[in-house]
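Side chains are part of it too, since the values below use all heavy atoms of this structure and drop only hydrogens, waters and symmetry mates.
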Amino acid sequence: MRTGDELPPLEIPITRTLIVAGAIASRDYQDVHHDPELARQKGSPDIFMNILTTNGLVGRYITDRFGPRTVLKKVAIRLGAPNYPGDTMVLTGTIEALEDTTATVRIVGTNGIGNHVTGTVTFSMRDAE
């Protein structure tokens, strides 16, 4: 692993089930995350993913790539284009900094509209016990 290395992309189909399950799991009961009619009444074309689900998927992207000894230290993300059902989010990452067993990765998650999420994840790799 070197600064500037690009991580392989991760494609995540955005399904209604993923959106609703993520909202329920994070105890986000806002209607725009589970009720299409109420979401439309509030100006959205459909339900959309909440930030906590996105945050979890960003963490998964890192831990899937670097393994079970990965410890997330800081996740700093910003949302952009909503994730609607029927789209696909593609997460990509670039190693931005390395120091001993700690790394920072620049993350971008795109969908059919544009950038859904941008930010950085700082993590460390624990030694084998």
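The environment of CD in Glu6 is sparse: at most 12 heavy-atom neighbours from other residues, nucleotides or ligands sit within 6.0 Å.
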For this session: Run the numbers on Thr110 and Met89 for side chain to side chain contact (heavy atoms under 4.5 Å, CB included), then give the verdict.
Result: CA-CA 5 Å; Thr110 60; Met89 178 173 64; over 6 Å; no
For this session: Apply side chain to side chain contact (heavy atoms under 4.5 Å, CB included) to the pair Ile12 and Leu57, showing each step before the final yes or no.
Result: CA-CA 9 Å; Ile12 301 170; Leu57 292 170; 4.0 Å; yes
Problem set entry | Ile107 vs Leu91, side chain to side chain contact (heavy atoms under 4.5 Å, CB included): CA-CA, chis, key distance, verdict | CA-CA 7 Å; Ile107 300 288; Leu91 288 169; 4.1 Å; yes
Problem set entry | Ile24 and His33: CA distance, side-chain angles, deciding distance, side chain to side chain contact (heavy atoms under 4.5 Å, CB included) verdict | CA-CA 9 Å; Ile24 290 169; His33 303 308; over 6 Å; no
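Annotation: the span from Ile14 atom CD1 to Ile47 atom CD1 amounts to 11.0 Å, rounded to 0.5 Å. The line from CG of Leu7 to CE of Met1 is 9.0 Å long, rounded to the nearest 0.5 Å. Rounding to the nearest 0.5 Å gives a distance of 10.0 Å between CE of Met49 and CG of Asp87. Rounded to the nearest 0.5 Å, atoms CD (Glu37) and CG (Asp31) are 11.0 Å apart. Interatomic distance, Asn55 CG to Arg60 CZ, rounded to the nearest 0.5 Å: 14.0 Å.
Thr94 and Asp5 are not linked by any side-chain donor-acceptor pair at a separation below 3.5 angstrom, with hydrogens and angles left out of the test.
Residues Leu72 and Ile51 share a hydrophobic cluster, clusters being chains of Ile/Leu/Val/Met/Phe/Trp/Tyr side chains in contact below 4.5 Å. Leu79 and Val90 are assigned to two separate hydrophobic clusters, defined by single-linkage of ILVMFWY side chains at heavy-atom distances under 4.5 Å. No continuous path of hydrophobic side-chain contacts links Leu38 to Phe48 [ILVMFWY only; heavy atoms under 4.5 Å]. Residues Val71 and Ile77 do not share a hydrophobic cluster, clusters being chains of Ile/Leu/Val/Met/Phe/Trp/Tyr side chains in contact below 4.5 Å. Under the 4.5 Å side-chain heavy-atom criterion for ILVMFWY residues, no single connected hydrophobic cluster contains both Tyr84 and Leu18.
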Validation: residues 114-122 side-chain donor-acceptor distances under 3.5 Å, sequence neighbours left out:
unit_1 : atom_1 : unit_2 : atom_2 : d
His116 : ND1    : Ala81  : O      : 2.7
His116 : NE2    : Thr54  : OG1    : 2.7
His116 : NE2    : Asn83  : ND2    : 3.2
Thr122 : OG1    : Thr104 : OG1    : 3.0

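In this structure, the side chain of Ser44 does not engage the main chain of Arg40 through any donor-acceptor pair within 3.5 Å. Although no hydrogens or angles enter the test, the distance criterion places no donor-acceptor pair under 3.5 Å between the side chain of Asp100 and the main chain of Thr102.
In terms of heavy atoms, Thr53 sits closest to Ala23 at OG1-N, 3.8 Å. A pairwise comparison of heavy atoms in Asp46 and Pro36 identifies OD1-CB, 3.8 Å as the closest pair. The two residues Val105 and Ile95 make their nearest non-hydrogen contact at CG2-CD1, 3.7 Å. Contact detail for Pro8 and Arg65: the closest heavy-atom pair is CD-NE, 3.6 Å.
Considering only heavy atoms from C-beta on, Lys73 comes within 4.5 Å of Ser124 through its side chain. For the pair Pro68/Thr63, no side-chain contact is recorded, criterion being any heavy-atom separation below 4.5 Å from C-beta on. The shortest side-chain heavy-atom distance between Met125 and Thr70 falls under the 4.5 Å cut-off.
The hydrophobic cluster of Val108 has no other members, since no ILVMFWY side-chain heavy atom comes under 4.5 Å of it.
Note on ring orientation: taking the six-membered ring where Trp is involved, the planes of Phe66 and Phe123 are tilted (angle from 30° to 60°).
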